[in-house]
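Data block below; observations after.
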Amino acid sequence: MSAKTLYEKLWSDHVVREEPDGTALIYIDRHLVHEVTSPQAFEGLKLAGRKPWRVSSIVATADHNTPTDRWEEGILDPVSRLQVETLDINIRETGALAYFPFRDARQGIIHVIGPENGAVLPGMTVVCGDSHTSTHGAFAAMAHGIGTSEVEHVLATQCLVQKKSKAMLVRVEGHLGKGVTAKDVALAIIGKIGTAGGTGYAMEFAGSAIRGLSMEGRMTLCNMAIEAGARLGLVALDEMTLDYLKDRSFSPRGADWDKAAAAWRGLRSDEGAVFDRTVELVAAEILPQVTWGTSPEMVVPITGRVPDPKKEADAAKREGMERALAYMGLQPEMPIQSIKIDKVFIGSCTNSRIEDLRQAAAVLEGRRKADNVRLALAVPGSGQVRRQAEAEGLDKIFIAAGFEWREPGCSMCLAMNADRLSPGERCASTSNRNFEGRQGPGGRTHLVSPAMAAAAAIAGHFADVRDIL
Amino acid sequence: MTFTGLVAPMDRNNVDTDAIIPKQFLKSIKRSGFGPNAFDEWRYLDHGEPGMDNSRRPLNPDFVLNQARYQGASILLARANFGCGSSREHAPWALADFGFKVILAESFADIFFNNCFKSGLLPLALPKADIDALFGLVEATPGFSLLVNLAEQTLLRSDGVAVPFQVDAFRKECLLNGWDDIGLTLRHADEIREFEARRQKRFPWLFAG
């Protein structure tokens, strides 16, 4: 039997049928649902008179529109409220394995609550009407975002029509330096291959530096695979994967756990498996990263400077850089550490898990945000993360440092609720996209790790976290 | 599908779905009506929110789709990695509602590309040289249009040059015949049920609840 990549194994395990041209019907094990991309799908299903295929595959929550403070007041924006209430109704009518509505103790960002409840398991296919579904590849699951029509398709048929992607291996060998996190690895990879570098690929992360990452770190990395253009991210299963999942609410128990763990053992690329493309990075060369532009590929190390478009030979790229600098209000050759910030956001499906909060708190402990930082938000990814952090006293560290300690949700990552930047405001953000207007119209986003966001909060400008730790 | 469409250029890489339809409009629970807010932040001088009367808002005269010569365009000419970012299908819905039928680009982001076919929008990736040539022609030729022939897989330029394009055979059939994807899949319902039963036997923990 020829050596197979992890992706090939997951793919072939889910093929219901395949046409001669490679178009395949792929079975979906887990369907994650949130309020923004599902209403039209439920409506479409109803209008066509179709029944959902397997409601026990559905795990749902409201996260994008929900406020992160004053929960007792409910959702003030009537348009947001209608969307969240529509999800309430749709799930009540349809059913689900689990629904964590607004204000539920286990509510949170869909990509945080799925794994923490053991609702995402190795070997699964996982889909959601959300591009950051790639997060779940950290558990050796084939997980990717879909559009609303495909949400309806999965509801109706438990399947998707797909063609197999190519396989890419991103290998990172060695030890990451002090203060360098999974987020920095993700940004360094995107800086190297570009935001379209992974287009058409399933991207597996491997190498000693990846094996050394926690499950939280692996989720951060796979989460950002979509920002590299990849269809999905993957990390092979190991003991750490099993340790994380054991005894979580929806994880198999007893004899089922042993059987499952045995079945999952093979979820890794075989020795000698052939990838269509391989990219290699040396862990020790990766420094803390900061984006300077309006695409995640516009990124430099904290020791660097804003690049000069004049030095870019490609005309389309040069114009893109000039446009980005104008939008971001930056000059070529400015040292990154000279860029002052107005707001700090620690949160999002990329960086709102307990380890992220611990890393930020380690930097903030005994320190206080600079006066020019108008607002610093710490938004845990879920109710469970929030309670865990509070049990560890992290909330007190954030609050003492001048942060607001909020309720869970997507929050200022995409600013669908009230948490947002005002025009011209500059933010050190642990989220995943620095697109124009992403965090609020005219807002200026710099993507960083939680530790780097904390360092920037203290300094009032971007600062090298390695000097603080 | 054969039609002649006016071509509008959008000369930038990485046009993301946040730009195509900003997040405040995703609060809608409907599938239609996104066209007036397509490219909202670039297109208008003020800040748009749901429920505004868009016909009274000040247009940004510098935004390419506001220029007189591109009014009525149904083909959008773009650069690399068009549609990157969020999986929101509201992006192709907005483009289709705006009046676009075809998007030409050097490359597309994966999820957006998929979503287009579900919204009756045809995304075509062309070699950079073809895209460069089209940008030149659009710039130089007011009213520049293309005859799109999906069955033949060609774009006929007004100067008589035919540009061939590739499209997945299955997707082409779906578009040409207006097939319902879900209906097609449900023709295999028995196979799905058999697969599911086998899977449940092997991995019962996947079917808990």
Side-chain angles (χ1 to χ4, degrees), chain A residues 16-17 19 21 23 25 27 29 36-37 39-40 43 48 50 54 56 65 79-80 82-83 86 97 121 123-124 129-131 145-150 152-153 156-159 161 163 195-196 199-200 229 231 250 252 256 260 263 295 316-317 319-320 323 414-416 433 435-438 441, chain B residues 11-14 16 18-19 22-24 26-31 41-42 47-48 50-51 79-81 84-90 92-93 107-112 114-115 118-119 168-170 180-186 188-189 191-192 194-196 199 202-209:
Chain A
V16 174
R17 59 175 283 127
E19 306 298 331
D21 73 343
T23 302
L25 210 51
Y27 186 79
D29 296 310
V36 180
T37 54
Q40 300 88 349
E43 188 189 27
R50 290 176 172 135
R54 182 164 72 82
S56 69
N65 277 280
V79 192
S80 289
L82 175 64
Q83 196 166 57
T86 302
L97 174 69
L121 296 171
M124 274 185 169
D130 194 291
S131 58
I146 54 178
T148 298
S149 295
E150 288 189 321
E152 185 180 336
H153 199 118
T157 71
Q158 213 57 41
C159 288
V161 179
K163 274 191 172 173
T195 47
T199 303
R231 181 162 192 79
F250 293 105
D256 259 358
S295 163
K317 275 193 183 160
E319 284 162 25
R323 205 178 287 122
L414 87 167
M416 273 189 85
R433 292 189 175 130
F435 300 158
E436 286 183 25
R438 171 81 178 179
Chain B
D11 195 359
R12 53 202 282 172
N13 290 332
N14 299 319
D16 60 72
D18 276 89
K23 86 281 302 214
Q24 60 270 33
L26 309 190
K27 295 176 185 182
S28 167
I29 57 171
K30 301 276 171 237
R31 206 182 172 113
E41 283 191 29
W42 294 345
H47 171 67
R79 290 286 183 187
N81 201 27
C84 60
S86 149
S87 65
R88 60 189 71 167
E89 196 166 314
H90 314 66
W93 294 342
S107 59
F108 293 90
D110 187 55
I111 303 176
F112 175 84
N114 256 325
N115 284 343
K118 319 282 180 191
S119 318
D168 180 86
F170 174 69
D180 161 27
D181 287 12
I182 295 175
L184 281 181
T185 297
L186 286 175
H188 307 297
E191 270 177 88
I192 300 170
E194 285 161 26
F195 179 94
E196 193 168 51
R199 191 160 179 78
R202 276 172 74 204
F203 308 122
W205 58 86
L206 293 178
F207 294 82

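Note that this is a predicted model, so its numbers are computed, not measured. Proteins get letters first, then strands, A, B, ... in listed order; numbering begins at 1 in each.
For B:P204, the part lying under 4.5 angstrom from a heavy atom of chain A is the side chain only. Heavy atoms of B:I111 lying under 4.5 Å from chain A belong exclusively to its side chain. Residue B:A80: no heavy atom, backbone or side chain, is found under 4.5 Å from chain A. Neither the backbone nor the side chain of B:F112 comes within contact range of chain A; no heavy atoms are under 4.5 Å apart. Both the backbone and the side chain of A:V16 come within less than 4.5 Å of a heavy atom in chain B. Only the side chain of A:T199 comes within less than 4.5 Å of a heavy atom of chain B; its backbone N, CA, C and O stay farther away. For A:A316, the parts sitting under 4.5 Å from any heavy atom of chain B are the backbone and the side chain alike. Interface remark: A:T23 contributes side-chain atoms only to the contact with chain B (heavy atom separation under 4.5 Å). Both the backbone and the side chain of B:D181 come within contact range of chain A, with heavy atoms under 4.5 Å apart. Interface remark: A:T195 contributes backbone and side-chain atoms alike to the contact with chain B (heavy atom separation under 4.5 Å). Both the backbone and the side chain of A:D256 have a heavy atom closer than 4.5 Å to some heavy atom of chain B.
Atoms CG and CD, from A:N65 and B:Q24 in turn, are 11.5 Å apart once rounded to the nearest 0.5 Å. Rounded to the nearest 0.5 angstrom, A:E152 CD and B:K118 NZ are separated by 10.5 Å. Going from atom NE2 of A:H153 over to atom OG1 of B:T185 covers 3.0 Å, rounded to the nearest 0.5 Å. The distance from atom CD1 of B:I192 to atom CG of A:L25, rounded to the nearest 0.5 Å, is 5.0 Å. Taken from CG in B:N81 to OG in A:S295, the straight-line distance is 7.5 Å, to the nearest 0.5 Å. The distance from atom CZ of A:R231 to atom CG of B:N114, rounded to the nearest 0.5 Å, is 5.5 Å.
Here A:P441 pairs with B:E41, B:H47 under the side chain to side chain contact (heavy atoms under 4.5 Å, CB included) rule; sequence neighbours left out.
Contact record, B:W205 with A:P252: CB-CB, 3.6 Å, taken as the closest heavy-atom pair. Across B:S87 and A:S131, no two heavy atoms sit closer than the pair OG-N, 3.3 Å. When all heavy atoms of A:R54 and B:L206 are compared, the pair lying nearest together is NH1-O, 3.8 Å.
For B:S86 and A:R438, the side-chain atoms include no donor-acceptor pair closer than 3.5 Å.
Contact of the B:L186 side chain with the A:R50 side chain is registered, since non-hydrogen atoms from C-beta on lie closer than 4.5 Å. Here the side chains of B:W93 and A:T148 are in contact, with some heavy-atom distance below 4.5 Å. Residues A:Y27 and B:R199 are in side-chain contact: their nearest non-hydrogen atoms beyond the backbone lie under 4.5 Å apart. Using a 4.5 Å cut-off on side-chain heavy atoms (C-beta onward), A:E150 and B:E89 make no contact. A 4.5 Å side-chain heavy-atom check between A:S149 and B:R31 finds at least one atom pair inside the cut-off. Taking the side chain as every heavy atom from C-beta outward, A:V161 and B:F170 approach each other to under 4.5 Å.
Annotation: maximal heavy-atom pairing with chain A below 4.5 Å, among B:W42, B:F108, B:F207, occurs at B:F207. The residue among B:A109, B:G85, B:P22 with the most heavy atom pairs within less than 4.5 Å of chain A is B:G85. Ranked by non-hydrogen atom pairs under 4.5 Å with chain A, the options B:D168, B:N14, B:D16 are led by B:D16. Listed options A:E319, A:R433, A:E19 were ranked by heavy-atom pairs under 4.5 angstrom with chain B; first place goes to A:R433. Interface remark: of the candidates B:G51, B:C84, B:S28, B:S28 forms the most heavy-atom pairs closer than 4.5 Å to chain A. Of the listed residues (B:H90, B:K30, B:R202, B:H188), the greatest number of heavy-atom pairs within a distance under 4.5 Å of chain A belongs to B:H188. The residue among B:E194, B:R88, B:R12 with the most heavy atom pairs within less than 4.5 Å of chain A is B:R12. Counting heavy-atom pairs under 4.5 Å between each of A:L82, A:D21, A:I146 and chain B puts A:I146 at the top. Ranked by heavy-atom pairs under 4.5 Å with chain B, the list A:T157, A:L97, A:L121 is led by A:T157.
Under a 3.5 Å cut-off, the side chain of A:E436 and the backbone N or O of B:A19 do not form any donor-acceptor pair. Remark: side-chain polar atoms of A:Q83 are paired, donor with acceptor, to backbone N or O of B:L26 under 3.5 angstrom. Side chain of A:R17 to main chain of B:E191: no donor-acceptor pair is present (N/O by atom type, distance under 3.5 Å, no hydrogens or angles). Side-chain N or O atoms of B:K27 include one that pairs as donor or acceptor with a backbone N or O of A:M416 at under 3.5 Å.
Residue A:K163 places its NZ atom among more than 12 non-hydrogen atoms of other residues, nucleotides or ligands, all under 6.0 Å distant.
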